[in-house]
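Okay, so here's the structure we're looking at.
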Amino acid sequence: MPTTFESTPRQDGFRMPGEFERHAGTWMLWPQRPDNWRLGGKPVQKAFVEVASAIAQFEPLTMGANPDQYANARQMLPPEVRVVELSNNDAWMRDCGPTFVVDAQGEVRAVDWVFNAWGGLVNGLYFPWHLDDQVAQKAAEIERCGRYRAPLVLEGGSIHVDGQGTCLTTTECLLSPGRNPDLSQAQIESYLQEYLNVEKVLWIPHGVFNDETSGHVDNLVCFLRPGVLALTWTDDRRDPQFERSAEAYDFLMSAADARGRRFEVHKIHQPAPVLIAPHESEGVDAVDGTLPRQPGDRMAASYINFYLCNAGAIVPQFGDPQDAAAQQTLGVLLPERKLVGVPAREILLGGGNIHCITQQQPAGR
């Protein structure tokens with residue numbers, strides 16, 4: 001059995017690499033939950049196949065599936081995708097999966113955060129979540145890598161690191177009442193420093209408007225490389241996102257990273273507001289304890305929720321005129337990568353996007 005360490009990654013010389021660093025592969029989970037995905041998850045399963053197929057061009061991909069969906073996932077996915085039985089409550093591998101850390105010798109270990117469905121019984125999105133909370137441990141077992149069980153409720157989408165000592169997060173998310181109400185901001189920051197091995201945590205005030213994760217940073221801003229950021233943006237001052245993006249821009253432009261560098265911040269204009277259509281709402285099962293999908297509700301659409309894989313970038317597309325502009329801008333900013341656009345509205349209907357359904361495993365020895 002792989003070791004569960006009582007120490008911390010920082011004490012043992014392990015760090016979380018930046019997403020732009022080399023990967024051993026990517027992890028995903030297969031969607032099926034009918035009270036989150038419309039029509040029993042059938043449309044979004046096709047979207048997950050497109051995302052998985054795109055990533056598999058660049059690096060190995062593992063798809064975890066519940067036992068009752070294993071055969072379906074195996075049949076729908078291309079043969080180069082590894083499919084394993086991995087019980088789960090829903091398909092957000094970024095948030096319930098492990099955060100992998102590495103040391104200078106190339107050993108890889110997993111950080112297993114406490115997962116409570118984005119806020120537990122206070123402001124969480126579903127119950128129960130016990131299967132999701134076991135996903136990180138099971139992935140570590142499959143990979144035969146050691147594990148740290150962090151004493152902190154945290155989702156992978158709430159953090160971004162540059163691999164050189166800097167972490168980005170949002171106050172809106174990590175200080176929300178359903179996550180760690182007994183911990184102060186300073187205590188949470190100390191845990192981030194210990195389990196990610198970072199020196200500096202930058203607390204951006206708010207995430208994207210109407211983001212049901214309480215403002216995950218991965219929908220707002222991300223590292224393209226150390227010192228270089230992409231930020232979701234709108235020029236429409238009447239849009240409630242304008243104030244949030246402007247606030248984040250001002251904060252980041254006045255900040256420095258752990259090495260003292262000032263940030264280069266590139267604005268990526270968001271699509272026009274994406275609203276849930278009546279037929280989309282009607283296709284979702286209404287169940288007590290889960291977030292309803294009402295017609296006309298605005299979804300937190302952002303091009304920043306893309307995924308960097310080896311020599312590639314998988315970018316969400318919304319059927320919006322801004323799709324091409326976002327793809328073009330990111331192509332200029334990421335000249336070393338091949339950009340692949342994937343239609344992502346079906347994923348967005350579930351409350352997240354491409355980055356939210358993926359988790360990178362960094363390359364080790």
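Residue indices begin at 1 and follow the sequence shown.
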Single-linkage hydrophobic cluster I159~I204, side-chain heavy atoms < 4.5 angstrom: no

Between N353 and N219, a side-chain donor and acceptor under 3.5 Å: no

Pair D35 + R33: basic N to acidic O under 4.0 Å: yes

Set of side-chain contact (heavy atoms from CB on, under 4.5 Å) partners for P362, sequence neighbours left out: P17, F100, V102

Donor-acceptor pair between D12 and Y148 side chains, under 3.5 angstrom: yes

Contacts of P295 that satisfy side-chain contact (heavy atoms from CB on, under 4.5 Å) - sequence neighbours left out: P278, S281

Any side-chain donor near an acceptor of the partner, Q359 and T26, under 3.5 Å: no

F115: partners by ring-ring contact (aromatic ring centres under 6.0 Å, His included), with sequence neighbours left out: W118

Exercise: do H23 and Q361 side chains pair donor with acceptor under 3.5 Å: no

Heavy-atom check, side chain of W233 versus side chain of Y249, under 4.5 Å: yes

Rounded distance [0.5 Å steps], CG in N72 versus CD in Q69: 4.5 Å

Within 6.0 angstrom of E6 CD, more than 12 heavy atoms from elsewhere: no

Carboxylate-amine/guanidinium proximity below 4.0 Å for E280 and R345: yes

Listed partners of H269 passing ring-ring contact (aromatic ring centres under 6.0 Å, His included), at least two apart: none

Salt-bridge present (R244, E172; N to O < 4.0 Å): yes

Set of side-chain contact (heavy atoms from CB on, under 4.5 Å) partners for A54, sequence neighbours left out: Q57, I314, V340, V342

Qualifying ring pair (Phe, Tyr, Trp, His ring centres under 6.0 Å) pairs with a residue from residues 313-365, counting only residues at least two apart or across chains: H160-H355, Y303-F318

Check ion pair R225-E336 (N to O, under 4.0 angstrom): yes

N-O pairing of R298 and E212 below 4.0 Å: no

Any side-chain heavy-atom pair of E155 and R179 under 4.5 Å: yes

